[in-house]
Number of protein chains: 2
Amino acid sequence: MQSPDRVHLPTSVGYLLKEAASALRSAMEAVLRPLGMNVTHYSCLELLAQRPGLSNSELARGAFVTRQSMNVLLVALERDGLVSRAEHASSGRALPTELTPKGRRQLATASAAVWAVEVRMTASFSDAERAGLGDLLSRAVSSLRAEDPAA
Amino acid sequence: MQSPDRVHLPTSVGYLLKEAASALRSAMEAVLRPLGMNVTHYSCLELLAQRPGLSNSELARGAFVTRQSMNVLLVALERDGLVSRAEHASSGRALPTELTPKGRRQLATASAAVWAVEVRMTASFSDAERAGLGDLLSRAVSSLRAEDPAA
DNA sequence: TGACTCATGTCAACATTCTGACATAGAGTC
DNA sequence: GACTCTATGTCAGAATGTTGACATGAGTCA
């Protein structure tokens, strides 16, 4: 098939993974832009809806960015009245964050749009294929993190 | 399972896709950093090795960045003597680019390292699963691009 | 108690990438 | 030829994200 220590791009799982993630990101940004949001913006709100009280660092990990990046986003979201952060930590240094009603409303619109993108992406899949893709991706993540402390 | 117009993060194919791509990128950067390269840098060299004479715009599409970004990278790669660009276009405006021997040497090391990462990522997969993942990802990309002109 | 480790929030400087814009070159159409 | 359309290379500005660093708070252990 191919030489054993070399990457063949068109059939490389890594390349296809990158391509799929890129296409998904583009599609998401296309539907989020008219709503005045970007992917990280939406991800932050979605995380907060499903797990209220998350701290800046936890949100950063969930959205796959650094806590510094998430922090500048949170400052903007708080300024726009979409989230509210605790003044001071009840324990440790983590400042729990929560959605405001305004944030919840904005998220509702965005979440529906993003869901439609996900549906379109997996439109040709059977239920078994959809579940299989999720399983394979999960295992790939586990394998990557197994021997590598980074990330 | 879940409400029909809402995303449930831990089981969302989109979220898992983003997570896997993030983990792969981290792993690749971890092995490329000691070599003085990053992912886009490597991608550019790999593309040129497999398809010599690619133009700036074609490289950008292959590496999933804008042509502006690829251009600044190409300028740096040419300055470092890793690639050579044609002085003027033989047809149109596209300037074909090729690897120099130095670029080929650097790529050889990087390609082996990246290949090892891909092997690790799919270590627990059977051959059928590896091929299946590639097939599912390809179909997901097709579906995303089908109705959406962006990307 | 004190030292150590770890996670967090935050500041600063830097790197990377993108958006917007413009001029140029070829293909197709009238 | 003149027009339109598309693709390309390039410039400038801005947004976004990262690395590096530091201080703080909590837990662990001698």
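Chain A is the first sequence line, chain B the second, and so forth, proteins listed ahead of strands; every chain is numbered from 1.
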dT10(D) P sits how many Å from Glu87(B) CD, rounded? 11 Å

Under 4.0 Å, counting only non-hydrogen atoms across every strand here, what does Ser57(A) touch: a base, just sugar-phosphate, or nothing? sugar-phosphate

Kindly check if the number of other-residue, nucleotide or ligand heavy atoms within 6.0 Å of CZ (Arg51(B)) is above 12? no

Under 3.5 Å, which protein N or O atoms sit close to an N or O of nucleotides 24-26 of chain C? Give each pair with its distance.
| unit_1 | atom_1 | unit_2 | atom_2 | d |
| --- | --- | --- | --- | --- |
| dT24(C) | O2 | Arg93(B) | NH1 | 3.4 |
| dG26(C) | OP1 | Gly92(B) | N | 3.4 |

Phosphate contact (dT18(D) OP1 or OP2) by Arg33(B) side-chain N/O below 4.0 Å: no

With Thr97(A), which residues qualify under side-chain hydrogen bond (donor to acceptor under 3.5 Å, both in side chains), at least two apart? none

I need the full list of ring-ring contact (aromatic ring centres under 6.0 Å, His included) pairs touching residues 49-73 of chain A, with sequence neighbours left out, sorted by first then second residue. Phe64(A)-Tyr15(B)

Rounded to whole Å, how long is the line connecting atom CG of Leu95(B) with atom P of dA7(D)? 18 Å

Got a sec? Which of residues 70-84 of chain A come in under 4.0 Å of DNA chain D, heavy atoms? none

side-chain hydrogen bond (donor to acceptor under 3.5 Å, both in side chains) with Ser57(A): which residues, sequence neighbours excluded? none

Without decimals, in angstroms, what is the distance between Arg85(B) CZ and dT10(D) C1'? 10 Å

Please identify each residue that fulfils side-chain hydrogen bond (donor to acceptor under 3.5 Å, both in side chains) with Ser69(B), with sequence neighbours left out. Thr66(B)

Please report, rounded to the nearest Å, how far the P atom of dT18(D) is from the CG atom of Leu32(B). 17 Å

Interatomic distance where CG belongs to Asn38(A) and P belongs to dA15(D) [whole Å]: 13 Å

Start at the 5' end of DNA chain D and walk down; is the nucleotide closest to Arg25(A) or to Pro96(B) reached first? Pro96(B)

So do the side chains of Arg130(B) and Val13(A) get within less than 4.5 Å of each other, counting heavy atoms only? yes

So which heavy atom on Ser55(B) is nearest to which on Glu58(B), and how close? N-OE1, 2.8 Å

In whole angstrom, what separates Leu54(A)'s CG from dG9(C)'s C1'? 15 Å

Between P on dA7(D) and CD on Gln68(B), what's the gap in Å once rounded to a whole number? 15 Å

Under the ring-ring contact (aromatic ring centres under 6.0 Å, His included) definition, can you give me all pairs with a residue in residues 72-114 of chain B, not counting sequence neighbours? none

Below 3.5 Å, can you tabulate the donor-acceptor pairs from side chains in residues 32-41 of chain A to any protein atom, sequence neighbours excluded?
| unit_1 | atom_1 | unit_2 | atom_2 | d |
| --- | --- | --- | --- | --- |
| Asn38(A) | OD1 | Thr40(A) | N | 3.2 |
| Asn38(A) | OD1 | His41(A) | N | 2.7 |
| His41(A) | NE2 | Gln106(A) | OE1 | 3.0 |

Kindly write out the residues that satisfy side-chain hydrogen bond (donor to acceptor under 3.5 Å, both in side chains) with Asn56(B), not counting sequence neighbours, or none if the list is empty. none

Hey, are the side chains of Leu99(B) and Leu82(B) touching, using non-hydrogen atoms and a 4.5 Å cut-off? no

Of residues 59-67 of chain A, the positions that come close to DNA chain C - non-hydrogen atoms, cut-off under 4.0 Å: Arg61(A), Arg67(A)

Going by ring pair (Phe, Tyr, Trp, His ring centres under 6.0 Å), name the residues that satisfy it together with Phe125(A), two or more places apart in sequence or in a different chain. none

Rounded to 10 degrees, the angle between the two terminal axes of the helix from dT1(C)-dA30(D) to dC30(C)-dG1(D), each from five pairs: 30°

May I ask you to test the Leu16(A)-Val141(B) pair for a side-chain heavy-atom distance under 4.5 Å? no

Is there a side-chain contact between Met28(B) and Leu24(B) in this structure, where contact means two heavy atoms from C-beta onward sitting under 4.5 Å apart? yes

